[in-house]
Structures are given as C-alpha cells and as structure tokens.
Amino acid sequence: MAQPFPYTYYSCDCYDSKVAAAPTKHASQGIPPAEDEDERDFDPRSPGANYSLYPLEHLLYCEDCQQIRCPRCVVEETLNWYCPSCLFEVPSSVVKTDGNRCTRNCYNCPVCSSPAVVTTLEDPFDPSSSGGPWLLLCTYCKWTSLEIGIEFEKHTGITAQLARLGNGGRTIPSHKEREKERERRLELDKHKSRDILSGSEDSPTTDKRDDGPPSHDDIYANLSAFYKSQLAAQQPSNPFSPHDINFSSPSSFSRIMNLYSSSTSKKQKREKPTPMREAASPLEGLTLHSPSTDTAIIDRLKTSGWSRTLSPAQKLAQMTPTVRFTSDLRPLASILCTKRGKRCRSCRHILSKPESKITSTRYKIKLLARNHIPRLSLRALHTSTSASASATAAAAAILPFNYDSLRPGLPIHFLLHISNPLFDPVRVTLATPSLTPGRVHTRVTILCPQFDVGANTDVWDDALSGSTDTAAGGLKRFSASGEGGAGRGTEGSGGAVEAGKIWERGRNWTSVVLEVVPGKDGKA
Amino acid sequence: MSRPSARKAAPKGEYIETDSGNKVSRRSAITGTANITLGGRTVIMADVHLRGDLHPTRAAPSTSGKEPITTSISIGRCTVISTGSVIRPPSRISRGEVHYYPMKIGDNVFIGPHCTISAISISSHVHISHHVTIHPFAMIKENVKILPHAVIPANMVIPSGSVVGGQPARVVGEVGEGWGVGGGVSGGIGGGEKGGEKGWVEGGDLRELVRSVK
Amino acid sequence: MSTQPAPAARPSSDRRTSTLQKRTSTALPKPSSIVLDPSVLIAQHAQLTGTHPITIGPGAVLHPHSKISSVLAPVVLGEGVVIYERARIGVGVGDAKAGDANRRTSVLPDRGSGGSLARGEGTVLGRNVVVETNCVVEASEIGEGSVVEAACTLGRGCVIGRYCIISAASVIPANTRLDDFTVVYSGNEKRINQTMKDRKEVRQSYKTKHAKQLDMFRKLIPNQLAKWA
Amino acid sequence: MSSSAGGERKVSASLGRSVRGQTPRIQDLASTPESPRTPLRSTSQWFSSPGGSFRTEEEYVVLEVGSRFVRGGFPGQSAPLCILPFGPDEQRRLGDYRQWDPEYKMKRRKRKRGQEWGQEHELYRTDLSKLDLGLLEDKLERVMREAYNKYFLLDPKPRRILLALPPRMPHPLMSTILGVLFGSMQAPSITLLSSPILSTVAAGLRSALVVDIGWAETTVTGVYEYREVHEARSIRAGKMLSEEMAKLLNEELNEDVEPGDPKIEVSFEEAEEVLTRVGWCKSRPKSNRNTLYFPARTSPILEEFEDAVEVPEPTVAIPFPKNTPPTELIIAFASLAKPAEAALFAPQTALNEFDDHELPLHHLIYRALLSLPMDVRRICMSRIVITGGVSNLPGLKTRIIAELEAMVQQRGWDPVRSYGSAGARREAILRQQRENAELRREEGEDKVSESLDPDNPPAPPSAGFQSPEEDPIDLKLAHIALRNGPPPNAYVGGVIRGVETLGAWAGASLVAQLRIKGIVEIEREKFLQHGLLGASKDKEISVVPQRQSMGPGVGRGAGERASWTLGVWA
C-alpha cells in the first residue's frame, strides 16, 4: 500500500461544479436530465471520483473565490526549466531547441530507465592517455552502450557525439549534409529522367543501394523538403514581396489542391503553374511498401526471440516510434522538468509560487487548504492485536479493496479526530450511510454526529503544555507509521464509549467515536 | 556536536540518551563510533547498523566542518533511523585506490525499518519508507518521499519535492505544496496521540516523534 | 560493476584459487568443522554456526553481523567472497524470517517445497562472490564473480551462474537456474549482461577492483579470525 | 472577455471568422471564400495579422487523440514528444502510488466485472451509449496536463492546437475533447484535421486509400485530392486481435494445468505485450503465391500446431512473471501468427457469412475500392496506405496487399460475384482480361499515356486493366511532361501498390510546419459560448445527415461563411 492506512481524501468542489456545468453537455447528448440528480451526490467509488479526491497536502485555497483548489482547478505556469539529474537551470531560449532534454551528460538507460553513467573501457593494466574508449553504463541493469555498438572518444559532450553516432557505430550525417546529399541526388534523378524519354520509372530500388531503408527522420525531412519546394515553386522568389505573405499561405495551397477543379484552372494558366504534385521518389519522401522488410523483421523475430524485443514501456520511452529490437535502442537524454506556479483557474489569482532558484525549496506564495478547512484523521481505538484487523475493516468499507484480515460481524471502534485551523470555532455535523455501498456491506455508526470544534487560538502555550502528555504511546505510533499504518496508536481509550458523547476535546480539536461492523465479504 | 561514545549515565532502558538529546538504542550496532556525528535529538533504533568504520582513508574534507578527525557518517538533528536499517558510506575506486566517501544525512529525516542506505547525501525533510535500498552515491534533495521497497540506483539524483518509487526507482510524482507542513508546533500538536492525531507528519518536523521515542 | 582504471591484480592468486575452486566444489561434507584459510577476514560479531562443515577460502571477508549457518547443510565460501552486514548464508537461514524478510514470497512458488534437502549439497559460493546487506542466501551454488545485491532472497536449490547480478530486493524462487552473465532486475526481468560476456577486459578490471576492495577491508576492519581458528 | 466576443458576434456575423477576442480586420473581409468542398481551406487572416508571417511553428501544439493513446508534440518534429496511454494506472487517485509497489506489480490484474476486453485502457469508444463523458473528460484532462507539464514544458503563453481526429467523430465526443483543450489547456484556437488526410500527406500523396487499422475498428477511407470520398469500416482491428491473442495464450498456458486447478487467464497487459513483441502475420497461403517473399518453413503447412511440434520449428519462450507460479511459455513461432489470421482475415469463414461491419480486411478494402468511381479507383488502388497501431504487426501489410492483388486478379472490378448460368461466358471474359493484364504487366508502368491524363474518360469495365490506347497526343503530352513535368512515378495508377506513411501525427506536424490552415478552425470564445452549436445559426436550412446525430444544425449551411464550420465532422 502506497498510502499508509488510515488516510483521508478530500473531494474538491470542482467535481460538483463540473456536474452542475454538465446540463448543456447533457442536452447535446440527449441524456435525460433525470440523471443529473443522482449524478450530483458524490460516490467515492465511481471511477470519476479518482479525479476529484485528493490528499490534503495537494489542495490549495483561493482566498478570493473562498474555495478549495485541487490540482485540476488551477492553471500552472512554468517559472524555469532544469535538468532533474544535474540540477542545472536551462534558459528558456534553448529549451525548445534542445527538444526539452538535457544536453549535458545526463542519460537514462533505455532498458530500465535508471541513470546511466559514463565509464571507461580502458585496460587497467596499461591506462591509455585519453582514458578511453568511453561508454554509457546503466548502474542498475548493467546495460551499456556497447550493446548497441556505441563507444565514445571523449567522456565529455556525449550528446554531441551521440548525435553523430548511429547504432553499430556508423556515423549519422548532420542535417546540412543530408540536405546537400538530397539536392545532389535529386539533380541526378532529374537528368536521368530527362535523358531517357521513355520515362523510366525511377523506383525506390535505384536508391536502395545506400544503407537500407531510410530512417523515420530522413523520410520526414525529405517530405517536408519536398512540400516546401513544391509550395515555393508556386511563388515569386522575392521573400519580401507582399505576395510572400501568402508564400505558404493556404489560399495558394488549396488552389494547388483543387488544381483540377475547373473553377481555378484558368487562374493557374495565368501564372503558368507547375501543379503541386505527389512525391515521386524516396528523396521526396515517397516510400513504397516492400515485403522484404517485413520478412526481414519476421525472420529476426524468429531467430532472436522474445528477449531481443522491446516491452511497450521501453518503446514508448524511445524518441522514434518505430523501434522494435533491443539493438535499435538509444540512450535517453533526461527530460527537463520545471518549477511551476499555480493560479486559480476562475479568478487568476496566484495560489502558489516557488522561489525561482533551483536549489531553493521555499515558496514566495503558498495558500494551503489545510489552513482553511478542518483536518480529519481516523484511527482504530483498540488493542494492538485487533487494531490491524479493524483498520483493514475500515479500509474495506471506505475503499474498493478488501483485506483477508477482515473479521465480519466484529464491531470495531474508530476515533475520528477533527482539528480546526480557523480562528473561530466550527460546528461539525457528520453523516454516513448506515451500510457502506459496495461488495462488503459494513455498518458504520457515528456515536456523536454533532459537535463543536474550538477555535485555533494561541498555539504556543498549548504546544508547551501538550509536550508532556503527547509522549505516551509514541513508540507504538512510530512503528505504526513505519509498517505502513497497521496497528496505529494503541494506547488511550480512557473513558467508555458512549453514544451521543464526544470522545475527547482539545483546544482546537475534537475526537468522536465511530463504530464499524465489517460485513460479510464475498470472498472471505 | 556530540558522539554516542560520550554518553551520560542514563536510566536503564531501551535508549541511551546523549547530552545533546540523541537517543541511541542499546541494541543498535555501531562500528567506528569515532567517525560518526549525530546532530542531536536524533534517534537510532534497535538493530540499526552504522558503518562508521568504513571511513575515508586519505585526508578528506570533514563534512561536519568542526571535526578534525575524518567523519564517515554525519547525521543531522531530529532524524530518526528505525529498526533494522543499515547505513554504510559509499566507496568507489578513484585514481586506482578504493576510497570511502563521507555520507551526510540532514535534519528531520525519517528512515523507515529495514532500509539499506549508501547514499552520498540525504538532505533535510526526506521521508524514506520501509525496505528501501539506496545504492552508492545517490543524492537525495530536500522534501523527497521514497515509497516502500524502492530501489534507488547508484548515482541517481533526486530533485527536491519529488516522490520516487519502483525498482529501479524513478520520480513518480510530486509531493504537494502542503507536504511536511503541520505536525510539530504548527497546529494539531495539542492532540498528540491522545487526540487521535499524531503530532508529526511525513517530511515535517519530527521533534514530536523524537520526543515520543522511549 | 563499474570499470574504473586500476593496477594489476596478482595473477598468482588466480592460479591458486582455481585449484581451490576444484577442491571446494568437490568437497565432501566432513564431520562438523570450520576450515578457515589464514587470510580470511572475520569481523567482530560475524557468526558462524551450525553442525555441518563450513569452509572459507583465502581472502574472504565476513562483515560484522553477517551470519553463516550450516545447521542443515555445509557451506563453502570460495576465495575473495564478501558477505556484508546482516546477510545470512546457508540452507535454513531464510525460514525464520521468511514471513517478513520478503513480502513477495507469497506470489512466488513457496520456497519450502522445492528446497528438499535430499541432495544435501549445501551452499557453495564461488570465487569473488559478493553478498550484500540483508540478503538471505539459501542457494546451492553461486558462480564466480556474481553479485547478490542488498535485500535479495535466494531460495533453496538455486544455481546461479558466473558473473550474474541479482539486483537489490529481488526474490529468486527455489530451484531456479540462472545462466552465466544473467542480470535479474526490476523484480522479475532478466537479461544477459552482454558487455560483461563479450569483453574480457571488463571482467578483468572487475576482478582487480574486487581485489582492491578486499585490501581496503583489511585496512579498515579489525580481524577476529583468531576467535574462530 | 467572452461576453465582448459574444457582442461582436451579434454585431458582425459576417466578420465572425475574424473574431479572436480582438476587433475584426479589413483583410478578413477581403479574404475570398473557397468552395466548401475543400478540406484544406485558406484564410489569409491568420497571416495578415501583424507579424503574422513571422510567427514560428512553436505557436502550435500538435495533438492526435486516439481511442487509446494521445500523441503530442510540436510542428516540424518527425515524431511526437510523448505518446501517452490510458491505462488503469493512469487513473489512480493522486497520492495512490500502488503501481510502484513491487508486490502489486507482481500481481496479475483481473478484468473487472462487466468490463469488455481492454475497456479500462480506452479513452473513448464511438458507441456513446456505454460511454461516460464525464469520465472521458477527466481522463483526457489529466493526460493533457501530464503532456503539458512533463513533456511540452511550454512557457505560460497559450498555444494554438492542431488536432488530428478521425473523421465522423461523434459530436458529444468532440465537444468534450474540445472542451478540455479549450478549458484546461487554455488554447486560443483549435484546428481540426482529419487523420486519413494527414496520413495521405505524411505519405507524400494527394490521393490514397487510407487503411487505418486502429483499436476498435478498421477504417478504409478513399482520399482523392485531399478529400475523403468514401469510407468503410470493420470491427476487425486491434481489439479483436489482442483478444484473439489472449485466447491463444490461455489455451497454451492451460494445456498443462490439472483439470482441478483454476484456469489461467492472461491479463490485457500480457496479451498486449506478447502481441506487440512477437506477434506477426503469415503471408498468403501457398495457393497462387505469385507475390510471396516468404521462407518456405513457416508457410501454411503449419496451420496445425501439432506439425509445428514435429518439424524442428522455431519456438519462442515467453515469460509470464505475473502468473502464479511464474512460468515461461514455450510456444511455436508459427502459432503466434494465428491471432492475426483469425482476427483480421478469417479465412475459414465464407464471405457471405460476414456482417457488413465485420468484413475481413482484404474484402473491406476491395469493396471500398470497388465502390470508388473508376478514375479515383485507379489512382487509389496504387496508393494503398496502411496505418494505425496494428499495421506495425510484421507481415501484415505484405499480406493485405498480396490478398488484394489476388482478389483483383480473380475478379477484376466486377461488382457481380456470381453469374449463375452466364458463368461460362464470364469466365471467358475474365481470361481475356487476365491476358491483357499479363501483357500490361510485362510492359510495366512505362505507359505514361494513360497515367498522365487525370480526368480519364470512363474506361472499359475493369478500369484496373484497361488496355492502353495508343494516342499520339498522349505520347506527345508524355514527352512534354517528361521534359518539364514531374516524374511519371507521381502518376502511377491501375496497379495495386502499397505506400508507407509516417502516420497521422507526422502528417499534422508537416501541415502545421507548412502553416497550412485547416477548414475547421474553432475559436475559444465561440466554443465556450455555444459549444459545437456555434455554427448553427441556420439550423432549419441545413439538415445534413449525420452519423451520430446531435440534432440538426452543425451542417455547412449557407450561413457558414460567417462562422466556423465542422467540415467533415459535421
């Protein structure tokens, strides 16, 4: 269990407001309005509830709207960017150009996602001067860049080196080089087709000679180059002529589009067009389907088997969606993360604003809900033996999961503690369905449904006085939190449990007793 | 700064309390006490193992600043290390020699039961759940929550304010703005355990917790 | 495994141990005895218990509060083996703590069943095996140079190959066989450590580093060997 | 500010398109309307706004919202920055980190009662009766937040969104999705583009037959000159496929389970993983294998699993760590192709037994082609673009193309399937045609003549195999074309040909990079005011038949010039 039991979730108002706002949508859906009613009362077990229930520490409070603000009724705005692994701040200007990733030596293992370090392969017996060759090593699953045939000469500027290194060590031409190459070969093809008037269809095979099928990126580059050229062909070359505003403007494009529709053809005539055509060669981004690649993949599957293929997670993490085998993996530069401020979505007031310095953990502004709404906490009121049972019983009552330690029919008492952060007393009224919904019908009785909680006055002397008596049962409490909540605080239960009476009251807190009778579980 | 070695005669009990309020379980296993500093009000529980004996051999800058002697483990104030956890400074080979590096643990750090910790540094207000393994030279910043059974790979840096979990661990979320607020003196303390609410929260001020340890 | 530069190891040691390997692997359970090479380092509070023989090769290091138990079957530690704090070696050490030592045993085949002691082969750790903190090792064999990281549980009758790495907190169910160079990670994933497999120099540098580590321990940890010999 | 926009709408309906929360501009009046048939349509207004022509691509965020994944990134990138799934783990409460607990990770997830296969991995389904739009909104909202906060990392400046959607998306769905993007993501405007067209663009084509083998259904869309001209659907797609795979695995796993023990049931995740890792598709069965590039060993002899055992047939060991006890399944490689066979082609079943909504893929495609006008067909048939998640299954594309080719050879383009008594004569004709076809194939594609002239006169019965008529003018044209026209390859037609595409997202990224404006441009204020009904001033006049009716009124009626339209989505 990630969340030690017992815990408290708060439902944000945005749920209701959403439902309230719904009718328009419903109208468009044609759902009978009757549904709105039962949709209004909040069911914690409905899948939708997962999106409106939050732990207290995630809730903010908008003082202008006088409302809780959960993570989704805020608008977040980025303050600055930094790399989570080297903790360097990245200026906003380069963030985009770097593809939102760190350009230092921060890399993650493509297999298990843990950070990879740069280490050397050099023979310990005769250390070479350069200290190389270097490689990326995952300290967790021991993956190394050697497995994709990549070594580095220097231990610095990995990103730069990686950009030029393809898997298996072949060098990747830079963008410029690729551009040049494309131009050159396009020219070539033109000549070819000019000479042979029989219009020999220059099929992809003529270009297959160079390393295999072009990569995803290459195709994309070719395509966009092709389209650009086609669009440019329509336009006067002078980039500053008013025409050029329309350079790639859709009007011209769509004109090209419906070239064949008679309406525009005359206009075309006037500016003697070369109609925007389809890509005709791989250099223009056209790739014909070739069965050979398919069969190649299948054969590889057959031979290499499961272990050489990639799990869905590994695929998703990769930059290029087309990867299939472990040999296609690329080390992943760590994705930058951001410091963000939060604003109220409705009134735009700032709810939280961290200090922009990366190292600082302080906030300039932080309006927490915990300072405006009562804090609830629940714990079993029992001997340590049955405490765990009772705790889980309640869990079964509150949450969809069921524990085996649940003892049907055995009543357990819980202590509901409500503390008041406000400076005025509050009056609390509790209510619960006598039988919890869901598979396990647990009977919950609130012994004292109505009571007051005192104002939050003068914290300090209370702190001093509180110091002594709070010491009791601390060790148990500690172990509780350690083990994840089972057997929480077992001391106390001084008075007898009586209906209608609050259990205990402090300066700004009150605790009452709930009786929980776990029902028969389908399984247990 | 005081060392567990300098103990004042305490009443027989689970814990020996040092003059600066550190509580060290009699059943804890501490080797190389000379190289360990406890910031005060820090709790070392039973079966905790501190490997102070694995200390830097060549003169390294002492992390605690004041100490002339080499320090291998320095733990801040109000930090709780619970049952069965092992704290061992990380070592690596540098310039052909094995070298142990001093480990630093900040204030108000909670280390759950049965953890194995070799981090190079753990900043303040970090909450480490039970059965967590932290490999050498991991660096954990402030206000981090580590989920149970997480395995933090070596050299990993965990930025502040993140929740990490999994094997290998990755950042799986952010602790909310309100994390670690409350407990301690800021409200709710009046209740303490008696009122049904504990007087401390994860990542918050652990004084209450330390006080309650007996 | 990290590949930092490091001076040469003593090749002599290798030769010596290879012979030792043969001997230990074929060692018949002698009546209860503890055979310790004089170069063994046993720290304070390290435990050796049990009735069956325990054999520890040269240069092995037992950290404080490590526990070697031959209660049910003999234990053999090869040369340069390192056992860290709270690690427990030997058949039967797991049972006591089976419940809480690892919660995941529930979803794996119960280790009791497969771990029949009929073979009675006990536990043999090959040369330079490292067993990290809080591990429970009941495996019958772990090959040379393998590392068992912190808080692992190796069920009875497991046979782990050479240069394997069982990453932290993994659970190896009883009677599992792992090929050489296997890496077990993320709980249940397995992969082959190609680099280690293909590159001899990597293994070599790993060895030298291990040797250095051993030397370091000798410097730092007071030896209580006398108490046992 | 929404109110001000509202005022504006009332004042100047004719300026509607210019409303951006600012005052209308003259250029807007000048902008000449194009024919509503064009899916991609111009508005000069975007560029004529001050500094407009210098705006960079970063202005846009490119999204593709599929039924199981959301792809998002920036224009000019070849691949999306993030591909985010909708799994159950993505739908936990904040602070519930269960899925990171190793113990939980080890457990096999059971399918919830009354849930269909993989239902909890879907964002939406086109069948709205079972769809909780509120939940959809929640899911999408969270995912979009993740995308923006974890991957896009944009500065506070709001970004326009270029959204790729399947055509004919139910309007409630659309309005919900748009609602999220406008509401939570604060997008000032959203441009809708239909994914088949984008796939065509991303293949470098103008016309194509786009076969999108998605999750819930396979959609075959005839695209001609960037216009959808025909659409056909079948439920034989990813969902069925993975379900078949699950069946297969269950059988295999349960083989050695004692009758007493509970049957093993693999989870959706497991089936999915096996499918994506080692699933594949057989080539056409041996019969007339003229387009077969396949090793004889895994040919249809291995239909039965049994022979697979005898022959030293390659096997795959698939680990099932989530099984209790963790096992490893050794399965014949050949049988990993069965699911694709059963789910997508269903060779066992006779054609007349299929419902229209569950046609096997090759029949679906064939029919789609058949129903296209002749000249469109001959263009499309040689531009078959297979995309969608399932299309990554190795061997699938080859298979489909091969099947298609075979069918065309068999039947030509004759809609009539059985001639009864006239069969013999029919045969003769067919033979005749096949000979032509052979002849033609020998001559290869060199006959630019017929390819060159775009508006072909309606050709003899089978447009695919019309014998090229030698026309001097054509020849002349051809030469001219060759001299200063595009390479003839651009005009290939009449033969079955597969073309690879980079996918809809890449297409969208291209379009955005080239700054081409889609027909459907929705602006924030308007949408927030009126929702999809924004364009519905002329309810009564435009009653466009719609797939998912949301009441009349979103049609592209006469009044649409004044406001935005829903284009293909109407």
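All chains are named by letter (A, B, ...) in the order of the sequence lines, taking the proteins before the strands, and each is independently numbered beginning at 1.
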Practice problem: Side chain from CB out, backbone as N, CA, C, O: work out which of these in C:E149 comes under 4.5 Å of a heavy atom of chain A, or both, or neither. | Solution: side chain
Quiz item: chain A heavy atoms under 4.5 Å from C:S186: which part of the residue, side chain, backbone, both or neither?
Solution: both
How far does [atom1] of [X] sit from [atom2] of [Y], to the nearest 0.5 angstrom?
X: A:T144; Y: C:D198; atom1: OG1; atom2: CG; value: 8.5 Å
X: C:E201; Y: A:T120; atom1: CD; atom2: OG1; value: 10.0 Å
X: C:N193; Y: A:K142; atom1: CG; atom2: NZ; value: 8.5 Å
X: A:S311; Y: C:E189; atom1: OG; atom2: CD; value: 7.0 Å

Quiz item: What residues, two or more places apart in sequence or in another chain, satisfy ring-ring contact (aromatic ring centres under 6.0 Å, His included) together with C:Y185?
Solution: none
Practice problem: Might you confirm whether atom CZ of C:R218 has over 12 heavy atoms from other residues, nucleotides or ligands at distances under 6.0 Å? | Solution: yes
Quiz prompt | Residue A:R308 excluded, over 12 heavy atoms near CZ under 6.0 Å | solution = no
Quiz prompt | Partners meeting salt bridge (charged side-chain N to carboxylate O under 4.0 Å, His left out) with A:R101 (sequence neighbours left out) | solution = none
